[in-house]
Amino acid sequence: MKSTDLKKIVILGPESTGKSTLCELLAQHYNASWCPEFAREYLLTNGMNYSYSDLLTIAKGQVAMEEEYSQSLVSSSEFGVSPDSRLPTHNSKLLFIDTDMYVMKVWCEFVFGKCHKWITDRVAERKYDLYLLCNVDLPWVKDELREYPDLETRAKLYTIYKNIMENQPVPWMDISGDYEQRLQKAIIGVDTLLKK
């Protein structure tokens with residue numbers, strides 16, 4: 001398999017909108033792999049008192065992890081070897097990604113009012129096949145890493161993401177409803193992508 005055969009689906013949106021859950025459920029449904037959010041592990045290790053420079057470190061970690069997952073899938077298909085033990089062996093043509101550089105760009109700009117050039121350069125050059133934008137209609141769930149329990153802030157962030165999606169060329173879907181409805185909508189979007 002060439003790297004261009006790998007379909008990359010990014011799940012993005014404000015915090016507490018079910019992104020990680022959706023990634024995991026989609027990976028299970030398609031017996032595929034999903035790349036987790038690097039920021040979660042970084043912040044659990046280093047704490048929530050993050051700086052502007054920490055967001056660049058997180059962005060670079062996210063890209064590196066995504067590349068590791070992508071390369072492992074491509075290599076396993078090309079050479080007939082089992083991929084990394086964290087990755088399933090059945091469907092190596094799909095990778096679900098929990099967060100991308102759009103999320104890092106929004107995070108930088110929302111918290112610090114500016115964004116690292118490295119991140120905006122990655123936004124321009126990284127290629128994906130489908131975006132699933134998670135809406136804020138799920139109840140907020142408390143978590144030691146979450147910052148915005150109020151619906152107003154989450155809705156504002158959702159609008160920022162929606163504007164980004166409307167002004168970029170990759171197909172995207174709004175994902176709303178309860179967890180089961182979200183999964184079913186996402187499956188329809190992914191199945192449509194796979195038929196192309």
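Counting from 1, the numbers follow the sequence of the chain as shown.
The nearest pair of heavy atoms linking L194 to L94 is CD2-CD2, 3.8 Å. Across all their heavy atoms, K8 and K127 have their closest contact at CD-O, 3.9 Å. For the residue pair N163 and N167, the shortest heavy atom distance occurs at O-ND2, 2.7 Å. Minimum heavy-atom separation, T192 to I188: OG1-O, 2.8 Å. Nearest approach of A186 to L22, heavy atoms of both residues: CB-CD1, 4.0 Å.
Under the 4.5 Å side-chain criterion, counting only non-hydrogen atoms from C-beta, I11 is not in contact with D98. Using a 4.5 Å cut-off on side-chain heavy atoms (C-beta onward), L193 and P171 make no contact. L43 places a side-chain heavy atom less than 4.5 Å from the side chain of I58. Side-chain contact between T159 and K162 is absent, with no heavy-atom pair separated by less than 4.5 Å. Taking the side chain as every heavy atom from C-beta outward, I187 and Y30 approach each other to under 4.5 Å. Two residues are said to be in side-chain contact when any heavy atoms from C-beta on lie closer than 4.5 Å; K7 and L95 fail this criterion. The closest side-chain heavy-atom distance from V190 to L130 is below 4.5 Å. Using a 4.5 Å heavy-atom threshold, the side chains of S70 and L6 count as touching.
No path of Ile, Leu, Val, Met, Phe, Trp and Tyr side chains, each step under 4.5 Å between heavy atoms, connects Y179 with L132, placing them in separate hydrophobic clusters.
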Could you walk me through whether V106 and L157 satisfy the side-chain contact (heavy atoms from CB on, under 4.5 Å) test, starting with their C-alpha distance in whole Å, then the side-chain angles of each, then the deciding distance to 0.1 Å, before giving a yes or no?
CA-CA 8 Å; V106 170; L157 285 163; 3.8 Å; yes
Worked verdict on L12 versus C134 for side-chain contact (heavy atoms from CB on, under 4.5 Å):
CA-CA 6 Å; L12 76 168; C134 293; over 6 Å; no
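Applying the 6.0 Å contact sphere to CG of D191 captures more than 12 heavy atoms from other residues, nucleotides or ligands.
With respect to the salt-bridge test (charged N to carboxylate O, under 4.0 angstrom), the residues E24 and K19 do not qualify. A salt bridge links E109 with K105: at least one charged nitrogen is closer than 4.0 Å to a carboxylate oxygen. Note on R182 versus D137: salt bridge recorded, some NZ/NE/NH1/NH2 to OD/OE distance being below 4.0 Å.
S53 pairs by the side-chain hydrogen bond (donor to acceptor under 3.5 Å, both in side chains) definition with S51, not counting sequence neighbours. Applying the side-chain contact (heavy atoms from CB on, under 4.5 Å) test to T57 and every residue at least two apart in sequence or in another chain returns Y42.
A donor-acceptor pair shorter than 3.5 Å cannot be found between the side chains of Q62 and E66.
Ring centers of Y50 and W107: under 6.0 Å apart, within the cut-off.
Summarising the geometry, atom CZ belonging to F112 is positioned 8.0 Å from atom CG belonging to D54; distances are rounded to the nearest 0.5 Å.
Looking only at distances, a side-chain donor or acceptor of T17 sits under 3.5 Å from a matching main-chain atom of P14. Of the possible polar contacts, one joining the Q168 side chain to the V170 backbone as a donor-acceptor pair under 3.5 Å is found. Without hydrogens or angle criteria, T120 side chain to K117 main chain gives a donor-acceptor distance under 3.5 Å.
Ring geometry for H116 against Y52 counts as parallel: the plane angle stays under 30°, on a 0 to 90° scale with 60° as the upper cut.
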